[in-house]
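Just so we're clear, the structure is a prediction, and the values are computed from it rather than from any experiment.
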Protein chains: 2
Amino acid sequence: MSIVFQKKANPNVSVDCVVFGFDGSDLKVLLVQRDLRDNLVEGDDTLVLPGDLIFDNEELDDAAARVLTNLTGLRNIFLEQIGAFGSPKRLLKERDQNWLKAIRLEPNARVITIGYFALVNIKNYKIKPAGFAKHLLWHDYDTVAELGFDHNVILNGAITKLRNKLYREPVGFKLLGKEFSLHQLYTLYNEIMGGDIDRRNFRRKMLKTGFLKETENYQEGVPHKPARLYTFVKKEFDNASKNNFKFY
Amino acid sequence: MSIVFQKKANPNVSVDCVVFGFDGSDLKVLLVQRDLRDNLVEGDDTLVLPGDLIFDNEELDDAAARVLTNLTGLRNIFLEQIGAFGSPKRLLKERDQNWLKAIRLEPNARVITIGYFALVNIKNYKIKPAGFAKHLLWHDYDTVAELGFDHNVILNGAITKLRNKLYREPVGFKLLGKEFSLHQLYTLYNEIMGGDIDRRNFRRKMLKTGFLKETENYQEGVPHKPARLYTFVKKEFDNASKNNFKFY
DNA sequence: TTTCAAAGTGTAATTTTTACACTAAGTTTG
DNA sequence: CAAACTTAGTGTAAAAATTACACTTTGAAA
C-alpha cells in the first residue's frame, strides 16, 4: 500500500424525498419544478424531487421531515431513509451545474444527498396544502420521465424499498384514508407490487390477518353496490409480526 | 412558514464498513483499535469499525472498497450500502471529541458517515493480509461491547440488512469457501438468522433450489464420516429469483 | 472391535397457496 | 318499473409447501 496525498472531500449534504401517494387507482409521486423548489434558481423547469440542504446541527431525519412539513403542512408523516447518493458525477449535467451556481455553491462543490421515502394520503394532503405546496404536482409514477440531478436513481431506490417493505409490513394503509374498502387496498397492492393478485385470495388473506376491522360504514356515491369500509388495527399487526407474517 | 436564517452544514463524509466473516461456527465482525485505524490518533484503544474519510471525487462505493482492499488485500468483495448515519450527536462522547482534534478537523466539525456491509470468507482473508491488516481482529458478533462513535448503531443496521438479504438472496455463500458442506451452510444460516432451523428440512429445501451442485470432493481431516462438498451455481439462482424464491 | 460423532435419509399430517365462477345489491337507463 | 350494468361478496378442491420427527451409515479414534 503506497501512501499518496489525496485531498479529503468536504461536501455539502442534502436530503431528497420521494413522496408516494395513491389516488385510488394509480401510484403517484410528488415532484416540483426546480426553480420553484430552490427559489434562487430562475427559469429552470426541470422536474426534481422535493429536497433541501441540511442545516447545521440538524438530524438527517429531521431535515427530511422539515422538507415534508414545509411542503404539505403535515407532521408525523411516515418517512424512512433509502440511503446516500453521493457520486461525484451526480451534478454533471449542464442544468445541474447551473443550479450549483445559482444556489451559490462553489463551481465544483460536491453535494451528497440522503434519499428518503414517504407515504402520504393524497386526500389529507389536499386538505392542508402549505408553504410552497402550490408548486407541487402529483405525477403518475409510471410515466415519470427524466428528472434533474440523479433523481431517477433515487426514485428507483425508493420503489424498491417500498416493495420490500410492503411485502413485510402493512405500510400500504398509510397511503389510504382512515377507512377504506378492500377493493381500494387490493388495487393499491396490485399497483405497487406490479402484480397480478387474485382478488378473492387477496381478500381472504388480508381478512385472516386480523389487521382489518370492519366498520359499519359503506362507500357512498358509487353507482353500484357500495363496499364495506375497514380500518387498520395496528395492535393486531404488532402481535402478528412476531409470527413472521408475509404479505404479497 | 417563517423564513429563518440558518447556516447550511458543510460536513465531512466518511465510510465505515461492517465486515462479516464466518469461522464455521460463529459469526464474526472485523474491528480495529481506533489509534491503529487512524494513525494520527495516539493511545486510543477504543474498538471501531474500519473506515476512513472519503476522497474528493471518489465514489462512495469506491471509498468503501478502498478501505476494504487496504485492510484485507482482497478486491471485488461483496459490499452493499446500509445507509447514512449523520446525527449531529454522533461524535459527542469525550473520546470521539479527542479523535476529532487528533485528525485535525475543526472542533465542532460534523462528520456524516455512510455505512457499508461486506461479506468475506475468513480463510481468504487469512491468506492475504495486507496494509494495516495486522491490527485487525475478528470479534465474535454476539459479544461486541461498546464501540467508538455510533458504531454500535451501524452494526445493528448491518445485521438487520444481512438478515433481510439472506432471506431473499443466497448471499450466505459469500461467507463460505468455494466448496462447503451442507452442515457448514446450515450452521451459517442458523447463526445469522438466530434461528432454530430443522436440519433435515433445511437440507431438502436447499437441495431442491438447484443452486447447489455436488462435487466429487469430501471433507478431510474430520474424525467422523466426511461430508460431501457442494458449490454454489449462480446461474440457477438467477433463474429461480424470477420465481420469487424465499430462503429461511 | 467397539465407540463416537456427524452424515445422510423418508414419510405423514398440517398449512398455505392457487385456480376458478356465480350470486347479491345498488344505480342507471330505456 | 323492468332490464341492464357494475362492482361487492362468497367457497371449494387440488396442489404445493411446511412442519415434525428417528433411525441407519460411515469413517476415525480409542
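For B:Asp52, the side chain to side chain donor-acceptor pair (under 3.5 Å) partners at least two apart in sequence or on another chain are A:Lys8, B:Arg66. Under the side-chain contact (heavy atoms from CB on, under 4.5 Å) criterion, B:Ser25 pairs with B:Asp23, sequence neighbours left out. Taking the side-chain contact (heavy atoms from CB on, under 4.5 Å) definition, one finds that B:Asn164 meets it with B:Thr160, sequence neighbours left out.
Contact check for B:Leu31 versus B:Leu136: no side-chain heavy atoms found under the 4.5 Å cut-off.
Summarising the geometry, the separation between CD on B:Glu220 and P on C:dA6 is reported as 18 Å, rounded to the nearest angstrom. The distance between atom CZ of A:Arg228 and atom P of D:dG9, rounded to the nearest whole Å, is 8 Å. One interatomic measurement links the two molecules: CD of A:Gln219 to C1' of C:dA25, which rounds to 13 Å at whole-angstrom precision. If you take CZ of A:Phe202 and C1' of C:dT17, they are 15 Å apart, rounded to a whole angstrom. Separating the CZ atom of A:Arg203 from the C1' atom of D:dT7 is a distance of 10 Å, rounded to the nearest angstrom. Rounded to whole angstrom, the span from the OH atom of A:Tyr230 across to the C1' atom of D:dA8 amounts to 10 Å. Between the P atom of D:dA8 and the CE atom of A:Met206 lies a distance of 16 Å, rounded to the nearest Å. Between B:Tyr186 atom OH and C:dG8 atom P there is a gap of 15 Å when expressed in whole angstrom units.
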Tabulate atom names and distances for all N/O pairs under 3.5 angstrom spanning the protein and nucleotides 14-17 of chain D.
none

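In this structure, B:Arg37 pairs ionically with B:Asp16, as a charged nitrogen and a carboxylate oxygen lie closer than 4.0 Å.
For B:Phe173 and B:Phe180, the gap between ring centers is short of 6.0 Å.
Side-chain polar atoms of B:Asn152 and B:Glu146 form no donor-acceptor pair below 3.5 angstrom. A side-chain donor from one of B:Ser87 and A:Glu59 sits under 3.5 Å from a side-chain acceptor of the other.
For the helix from C:dT1-D:dA30 to C:dG30-D:dC1, the angle separating the two terminal helix axes comes to 10°, with each axis derived from five pairs and the value rounded to 10°.
The residue from A:Glu220, A:Lys178, A:Glu179 that alone fulfils the side chain to side chain contact (heavy atoms under 4.5 Å, CB included) condition with A:Leu229 is A:Glu179. Of the listed residues (A:Ile122, A:Leu119, A:Leu185), just one forms a side chain to side chain contact (heavy atoms under 4.5 Å, CB included) with A:Leu176, and that residue is A:Leu185.
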- Message: At under 4.0 Å between heavy atoms, how does the protein contact nucleotides 20-29 of chain D? Give one character per nucleotide, 5' to 3', with B, S or -.
- Response: BBB--BBBSS
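Of all heavy-atom pairs spanning B:Pro50 and B:Leu30, the tightest one is CD-O, 3.4 Å.
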